[in-house]
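Remarks on the structure that follows.
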Protein chains: 2
Amino acid sequence: MAAIPELSDRAQHLLKVLTERYIREGQPVGSRTLARDTGLKLSPATIRNVMADLEDLGLVESPHTSAGRVPTVAGYRMFVDSLLTVRPLDLDEVERLKSSLEIEAESRELVESASGLLSDITRLAGVVTLPRREHAALQRVEFLPLSGRKVLAILVVNEQEVQNCIIETERLCSPAELQQASNYLNEQFAGKELATVRARLVRELRETRDHLDRMMGTALDMADRVLGSAEEGGDYVLAGQANLLEFDELCSVSTLRQLFEAFDEKRHILKLLDQCVHSEGVQIFIGEESGYRMLDECSVVTAPYSVEGEVVGVLGVIGPTRMAYERVIPIVDATARVLGAALNPRD
Amino acid sequence: MAAIPELSDRAQHLLKVLTERYIREGQPVGSRTLARDTGLKLSPATIRNVMADLEDLGLVESPHTSAGRVPTVAGYRMFVDSLLTVRPLDLDEVERLKSSLEIEAESRELVESASGLLSDITRLAGVVTLPRREHAALQRVEFLPLSGRKVLAILVVNEQEVQNCIIETERLCSPAELQQASNYLNEQFAGKELATVRARLVRELRETRDHLDRMMGTALDMADRVLGSAEEGGDYVLAGQANLLEFDELCSVSTLRQLFEAFDEKRHILKLLDQCVHSEGVQIFIGEESGYRMLDECSVVTAPYSVEGEVVGVLGVIGPTRMAYERVIPIVDATARVLGAALNPRD
DNA sequence: TGTTAGCACTCCCAAGCCCCGAGTGCCAAA
DNA sequence: TTTGGCACTCGGGGCTTGGGAGTGCTAACA
């Protein structure tokens, strides 16, 4: 964005107080209120002058002539970037997070409770992507014969995740053949990264095609397909949409409709969240910044979470631009850490 | 409910036309309109007399003095029970269903697309419970050692479902021990029903406690815990909530809030759906009939779906009482069949 | 030069009002 | 039993009005 023009301390302070108040009350704040609220001994008239300046800079605006001022997106931006003092979470809230997530559970359940927690604590919508590891170690492969040519393939990765899928082989395989195939794969690839495995499989598949060890071909093919399906996808869990109904500014039917359709559709939200995988720490999209029109009225606060040092997913909250960033940011941050810890295989 | 008092054919016909029209237009329908709409050659005044009767019987009501009439819950009930002529689905819609669901996919994905389909086609909210078998045959058990005392237990049931969970053993088990344990379980129990397995495990656990074959004890214990976790739960997938925003009658913020909170909460909706497991065929809850206040303004149309003759789940749609039952009922019915078929392990 | 008081002005919004249309209930006649 | 007629009711749209909140501007003041 354009460089921030120098802004007097007083103006900054006023912007801060105005934003805080607007976030708290949800109503445009006028010069009189502001004069009272801020510590400074200034008359409303003076405040008005400052406000006019802030408005020229595009940091605040007024919905109509005789209403107070409201922060613009740029105003919020400056607020969160340089005016906000984020204080860490209350202890009991951290504890609440921990105790809710330190249970032993499957990753999906953990993700679901994390998303529920986020929405409960922030009273906004909570969203958590399912963890997905780029660098995943294959631990074990198992093929179980089903009826006909169908085979159930089970893939254990990363010591605790289990992927499974049904694949159809080109011809009927005996249980012994399947056993052999899985033995081979386990011997060759246990502990290797999925990506490596895949690469090697593809190469070997080409090499062995000549002497047509059909058994092996099938096995590789199966494994390849399993890996394929294990890698695709990406999904998230959303909770607390109902909370968004509390906010008047979102409550127009058309806004709501767009928003909820986006939640249903998932594609866009996922894309937005995926952007946050690579940035470390909390990231904030205010209003139009997200680049998605249905989120124009919303802000999104995200943080990636990691397992064993590798970022595997993103979580965050979605709410009106007028959200309590001060509170939300540390919550999102802490939840990401706690979820990461809870997902960690080491005890 | 009270027995339906005899109702002249004419009155029935008028109720039918009125309900159909109200469902279509969403506005109270008056005597003039009704006189025009229905085939009968009757004057508005006559219609009014009939209307007064229907109102006395509690089948219709008017929102206020000078509005037309609207069906009451009892009116809708009579409508769907005895006035409705459900014609089967259009062929192309059945095809659409089939082609969308006949893909090979995991059960969860199938459920998700079924729910998406329901909501797309009906333009209401679609809901599908995850399939859960009471009578499930254990096919295979596998224990994989993780770090420390943790063990990953994998349970294959019904030829294609895989359950897995992490359990912590009381002491460190060697891979060989685990192998032994799973071998034992597989030999003893493969093909048996989960319930049977559980019962036998409990009994054997008691008997062997004396001579304390610790290995076996641990194995049984583990299996028991896995079974336990496999049996609990119950969840559903919801799609198309956004569609509900189209309906004015639901668009009050408080109604919406209640509704969406119920979706989030899941408990109540699940309980309602569970009731439908035992009734065969399509079941309909109109307004308050569901017994849940947040669904007072809604109707729910459900149908159980089954795999191999056993009912394993319920699907349905949720929408305003003023929904196109005529269209929705066959859709729900057909989707249940198609989903059941898609989940069927036999090819 | 920065701050303040005063003042005219703008705009939103809620309240009140009126009127219209739609639809009813009832009665008396066919 | 059906119908036409008529008085009545009610909700909603459109209009006006008054008040309140807040602004911008200007002129005076420290």
Side-chain angles (χ1 to χ4, degrees), chain A residues 5-15 17-19 21-22 24-72 75 248-249 251-253, chain B residues 6-15 17-19 21-22 24-72 75 248-249 251-252:
Chain A
E6 60 265 44
L7 202 54
S8 75
D9 282 357
R10 192 174 66 180
Q12 287 194 21
H13 181 235
L14 281 175
L15 176 59
V17 176
L18 178 140
T19 309
R21 173 143 193 135
Y22 179 66
R24 212 163 352 105
E25 313 274 338
Q27 305 246 309
V29 6
S31 54
R32 178 196 276 349
T33 326
L34 213 46
R36 213 183 321 108
D37 255 39
T38 182
L40 315 176
K41 291 217 178 304
L42 291 175
S43 77
T46 314
I47 307 277
R48 282 203 287 277
N49 290 329
V50 182
M51 283 319 184
D53 295 347
L54 288 178
E55 187 152 0
D56 287 344
L57 293 172
L59 296 171
V60 300
E61 67 191 349
S62 57
H64 60 262
T65 328
S66 91
R69 300 307 210 295
V70 159
T72 61
D248 305 352
E249 57 259 58
C251 266
S252 99
V253 175
Chain B
E6 60 265 45
L7 202 54
S8 75
D9 283 357
R10 192 174 65 181
Q12 287 194 20
H13 182 234
L14 282 175
L15 176 59
V17 176
L18 178 140
T19 308
R21 171 142 196 138
Y22 178 65
R24 214 165 349 109
E25 314 274 338
Q27 305 247 311
V29 5
S31 53
R32 178 195 271 359
T33 327
L34 213 45
R36 212 183 322 107
D37 254 38
T38 181
L40 316 176
K41 291 216 177 306
L42 291 176
S43 77
T46 314
I47 306 277
R48 282 204 287 276
N49 290 329
V50 182
M51 281 320 183
D53 295 347
L54 288 177
E55 187 152 0
D56 288 345
L57 293 173
L59 295 172
V60 300
E61 67 191 349
S62 56
H64 59 262
T65 327
S66 89
R69 301 306 209 296
V70 160
T72 61
D248 304 352
E249 57 260 55
C251 266
S252 97

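Below, read A as the first sequence line, B as the second, and so on, with proteins coming before strands; counting in each chain starts at 1.
- For A:L42, the side-chain atoms get nearest to C:dT4 when compared with the rest of D:dG24, D:dC10, C:dT4.
- Phosphate proximity of C:dA22 to B:R69: absent, as no side-chain N or O sits under 4.0 Å from OP1 or OP2.
- Of the candidates D:dC25, D:dT2, C:dC11, the closest approach to any side-chain atom of B:R10 belongs to D:dT2.
- Distance from the side chain of A:T46 is smallest for C:dT4 among the nucleotides D:dT23, C:dT4, C:dT10.
- At a threshold of 4.5 Å between non-hydrogen side-chain atoms, the residues A:R10 and A:L42 count as touching.
- Nearest-nucleotide positions on DNA chain D place A:T33 closer to the 5' end than the other of A:A45 and A:T33.
- A straight line from CD1 of A:I47 to P of C:dA5 spans 12 Å, rounded to a whole angstrom.
- The closest donor-acceptor contact from the side chain of A:S62 to the backbone of A:T65 lies at 3.5 Å or more, if one exists at all.
- Among the nucleotides D:dT3, D:dG20, D:dG24, the one closest to any side-chain atom of B:N49 is D:dT3.
- The nearest heavy atom of DNA chain D to B:T65 and to A:S62 marks one nucleotide each, and the one closer to the 5' end goes with B:T65.
- Regarding A:D53, its CG atom lies at a distance of 15 Å from the P atom of C:dT1, rounded to whole Å.
- A donor-acceptor contact under 3.5 Å is not formed by the side chain of B:R48 with the base of D:dG4.
- Atoms CG (A:D37) and P (D:dG22) sit 12 Å apart, rounded to a whole Å.
- For B:R32 and D:dG4, the CZ to C1' distance is 12 Å, given to the nearest whole Å.
- Nearest approach of A:P44 to A:S31, heavy atoms of both residues: O-CB, 3.6 Å.
- Across all non-hydrogen atoms, the minimal contact from A:P63 to A:P28 is CG-CG, 3.8 Å.
- Here D:dT23 presents its C1' atom at 15 Å from CG of A:L54, a figure rounded to the nearest Å.
- Relative to the side chain of B:S43, the nucleotides C:dA5, D:dG4, D:dA21 differ in distance, and D:dG4 lies closest.
- B:L18 has its CG atom 12 Å from the P atom of C:dG23, to the nearest Å.
- Taken from CG in A:L54 to CE in A:M51, the straight-line distance is 6.0 Å, to the nearest 0.5 Å.
- Following rounding to the nearest Å, B:K41 (NZ) and D:dT2 (P) show an atom-to-atom distance of 15 Å.
- If you take CD of B:Q27 and C1' of C:dG21, they are 14 Å apart, rounded to a whole angstrom.
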